[in-house]
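Here the structure is laid out as structure tokens; the discussion comes afterwards.
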Amino acid sequence: MNFPTELKYTKDHEWIRVEGDCAYVGITDYAQKELGEIVYVDIPTEGEHVAQEEAFGSIEAVKTVSDLLMPVCGEVLEVNPELEDKPELINEDPYGKGWIVKIKPDDVSKADALLSAADYRNLIG
């Protein structure tokens with residue numbers, strides 16, 4: 001499994017990539033493999049402020065539906081438009097084209113407190 005070192009991770013299997021004063025959020029390679037074939041992504045929070053660890057949407061796979069939890073407090077600026085027609089991008093490229101939302105964190109430095117790639121790898125065993 002792939003865990004890019006430039007990302008930060010949550011115990012709930014989301015990742016965050018900070019770019020300036022914005023950040024991209026998605027689910028990890030481990031999470032997408034555990035979910036299986038992803039068929040739908042529901043993000044009703046575009047334009048809303050979401051607290052850390054609060055659900056900002058859900059992801060539906062063939063066998064289950066799982067909440068998506070915000071890694072840091074912030075406003076949901078954009079939902080990946082490609083996921084509407086191709087939710088399987090999350091399975092194919094979870095750290096690239098399969099990003100889920102772009103956010104404006106309240107404090108980008110809060111991402112530093114999340115798990116490193118090595119810490120996340122240890123968490124999942």
Side-chain angles (χ1 to χ4, degrees):
M1 267 179 260
N2 181 23
F3 305 109
T5 57
E6 70 275 11
L7 304 179
K8 290 293 191 170
Y9 301 86
T10 70
K11 63 181 176 12
D12 300 305
H13 314 292
E14 284 84 19
W15 58 261
I16 185 169
R17 180 179 66 241
V18 176
E19 294 184 1
D21 63 348
C22 293
Y24 291 85
V25 176
I27 64 168
T28 65
D29 193 21
Y30 172 82
Q32 68 82 16
K33 283 185 171 129
E34 289 293 304
L35 286 169
E37 183 184 347
I38 294 168
V39 295
Y40 185 69
V41 180
D42 181 31
I43 311 294
T45 55
E46 189 170 6
E48 293 181 20
H49 187 273
V50 182
Q52 185 172 9
E53 298 184 357
E54 182 180 339
F56 65 88
S58 62
I59 192 163
E60 184 176 334
V62 173
K63 299 178 188 174
T64 189
V65 175
S66 183
D67 283 339
L68 295 163
L69 304 179
M70 188 61 70
V72 296
C73 295
E75 180 185 349
V76 178
L77 298 175
E78 179 183 353
V79 175
N80 184 343
E82 292 188 59
L83 297 181
E84 186 163 337
D85 294 328
K86 291 189 73 178
E88 66 273 12
L89 283 173
I90 296 170
N91 294 115
E92 296 167 6
D93 188 12
Y95 302 117
K97 291 183 178 185
W99 63 272
I100 298 173
V101 293
K102 180 179 178 182
I103 66 168
K104 180 165 180 48
D106 292 352
D107 181 353
V108 293
S109 70
K110 295 287 185 185
D112 294 338
L114 298 173
L115 300 171
S116 68
D119 292 337
Y120 181 72
R121 188 181 312 269
N122 288 336
L123 174 77
I124 61 169

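Sorted pairs that involve residues 55-75 and meet ring pair (Phe, Tyr, Trp, His ring centres under 6.0 Å), not counting sequence neighbours, are lacking altogether. The list of ring pair (Phe, Tyr, Trp, His ring centres under 6.0 Å) pairs with a residue in residues 102-125, not counting sequence neighbours, reads F3-Y120, Y9-Y120, H13-Y120.
Rounded to the nearest 0.5 angstrom, R121 CZ and T28 OG1 are separated by 11.0 Å. The structure places CD1 of I16 at 12.5 Å from CG of L115, a figure rounded to the nearest 0.5 Å.
Counted by atom type alone, S109 and D112 present zero donor-acceptor pairs between their side chains at under 3.5 Å.
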Review item, side-chain donor-acceptor pairs of residues 36-43, under 3.5 Å, at least two apart:
none

Contacts under 3.5 angstrom, residues 66-86 side chains, donor-acceptor by atom type, not counting sequence neighbours:
residue	atom	partner	partner atom	Å
N80	OD1	E82	N	3.0
N80	ND2	K97	O	2.9
N80	ND2	W99	O	2.7

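A salt bridge links K104 with D21: the distance from a Lys NZ or Arg NE/NH1/NH2 to an Asp or Glu carboxylate oxygen falls below 4.0 Å.
Between V65 and I59 the shortest side-chain heavy-atom distance does not fall below 4.5 Å. The shortest distance between side-chain heavy atoms of Y95 and N2 falls below 4.5 Å.
When the side-chain hydrogen bond (donor to acceptor under 3.5 Å, both in side chains) test is applied to D106, the partners found at least two apart in sequence or on another chain are H49. Applying the side chain to side chain contact (heavy atoms under 4.5 Å, CB included) rule to E53 yields the partners K11; only residues at least two apart in sequence or on another chain are considered.
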